[in-house]
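Scope of the values below: all heavy atoms of this structure, side chains included, with no hydrogens, waters or symmetry mates.
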Amino acid sequence: MLQEIISKIYKQFVRLAFNITIITLIIGLFVGIFRTVSELGLTITEATVRLGFKELVTNVLSLIIVLELIRAFTEFFEHERVRVAILLEVLIAFVIGEFMLHLFEGKLSGMDVFFWSLGIVALVGARAIGLFYSVPKG
C-alpha cells in the first residue's frame, strides 16, 4: 500500500519535471529562433561573410539539437520511458553539429577529422543496431 502511494508520487514528480523541462526547452527554442532571425543581418555586417555564416550555422545547429531534445522528452510521455534510440539521435545531432563547427572554424587536423568521423560512424552504427533489435510495438 505504502509502495503504491510512493510510486504514484514519484511518477507525478517525474511527469512534473519532464513538463517543466519541455516548457523550458520550448521557451529556449522560441528565443533561439527569434535571436537567429534577428541576427541574420550579421551575414552582411560582419567583417567577412564567413564570420556571419559561422554565427548562423552555430545558431541553426543549436536549434536542431534543442528540437531533438524536445522530441526525446515528449517521447517519454508516449512510451513511459526514455528511449535510448531517441537519445542516440540527439547525441548524433550534437556530435555532427560540433564536428561541423570545428571543421568550419578550421580547428581540426587530419587525425582529428578521422577520430570525429570514427565516433560519428560508431554512433550511427549503434543507432542502426538499435533499429535492428528494437522491441516490437504492441
Side-chain angles (χ1 to χ4, degrees):
M1 184 71 165
L2 180 62
Q3 284 181 337
E4 291 176 15
I5 294 170
I6 292 172
S7 178
K8 286 180 183 179
I9 292 171
Y10 170 75
K11 286 181 181 180
Q12 290 301 322
F13 276 122
V14 169
R15 286 188 172 279
L16 178 65
F18 273 85
N19 281 329
I20 291 171
T21 303
I22 290 172
I23 290 168
T24 303
L25 285 171
I26 289 172
I27 291 169
L29 181 65
F30 283 124
V31 169
I33 290 171
F34 175 75
R35 289 195 60 189
T36 300
V37 171
S38 67
E39 291 176 358
L40 278 176
L42 287 178
T43 56
I44 298 170
T45 60
E46 284 291 329
T48 65
V49 174
R50 187 173 191 204
L51 289 175
F53 280 133
K54 179 181 161 251
E55 290 298 319
L56 181 64
V57 168
T58 302
N59 291 343
V60 170
L61 290 173
S62 297
L63 291 174
I64 290 170
I65 292 166
V66 171
L67 280 171
E68 287 293 323
L69 281 172
I70 292 170
R71 187 169 70 107
F73 283 112
T74 55
E75 284 280 323
F76 170 79
F77 291 112
E78 291 180 21
H79 302 284
E80 290 292 323
R81 62 188 167 97
V82 177
R83 294 178 21 182
V84 174
I86 301 297
L87 293 179
L88 276 171
E89 290 174 8
V90 171
L91 185 59
I92 290 168
F94 177 75
V95 170
I96 289 174
E98 288 297 312
F99 174 65
M100 289 175 62
L101 290 176
H102 289 307
L103 195 62
F104 192 71
E105 292 174 351
K107 292 183 177 179
L108 298 177
S109 66
M111 284 306 282
D112 291 335
V113 171
F114 172 74
F115 287 123
W116 274 91
S117 300
L118 192 63
I120 292 168
V121 167
L123 289 171
V124 171
R127 178 64 181 108
I129 290 170
L131 283 173
F132 186 71
Y133 290 108
S134 65
V135 178
K137 296 178 182 177

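Taken to the nearest 0.5 Å, the CG atom of Asn59 stands 11.5 Å off from the CD1 atom of Ile64. Between the CG atom in Leu91 and the CD1 atom in Ile65 there is a gap of 9.5 Å [rounded to 0.5 Å]. For the atom pair Ile26 CD1 and Thr21 OG1, the distance stands at 11.0 Å (nearest 0.5 Å). Atom OG1 in Thr74 sits 10.5 Å away from atom CG in Leu69 (nearest 0.5 Å). Once rounded to the nearest 0.5 Å, the distance linking CD1 of Ile23 with CD1 of Ile70 reads 11.0 Å.
By the criterion of side-chain heavy atoms lying less than 4.5 angstrom apart, applied directly or through intervening Ile, Leu, Val, Met, Phe, Trp or Tyr residues, Val121 is not grouped with Val124; the two fall into different hydrophobic clusters. In the hydrophobic cluster analysis, where Ile, Leu, Val, Met, Phe, Trp and Tyr join through side-chain heavy atoms closer than 4.5 angstrom, Leu63 is grouped together with Ile22.
For Ile92 against Arg127, the heavy-atom pair with the smallest separation is CD1-CB, 4.0 Å. For Met100 against Leu61, the heavy-atom pair with the smallest separation is CB-CD1, 4.3 Å. The two residues Leu103 and Val113 come nearest to each other via the heavy atoms CD1-CG2, 4.0 Å. Across Asp112 and Leu108, no two heavy atoms sit closer than the pair CB-CD2, 3.7 Å. When all heavy atoms are compared, the tightest approach of Leu87 to Ala72 is CD2-CB, 4.3 Å.
The aromatic rings of Phe73 and Phe18 sit perpendicular, their planes meeting at an angle over 60°, well past the 30° parallel limit.
Within 6.0 Å of CZ in Phe94 there are 12 or fewer heavy atoms belonging to other residues, nucleotides or ligands.
When each of Leu29, Thr36, Val31 is paired with Ile33, the side-chain contact (heavy atoms from CB on, under 4.5 Å) condition holds for Leu29 and for no other.
Side-chain atoms of Ser7 do not come within 3.5 Å of backbone N or O of Glu4 as any donor-acceptor pair.
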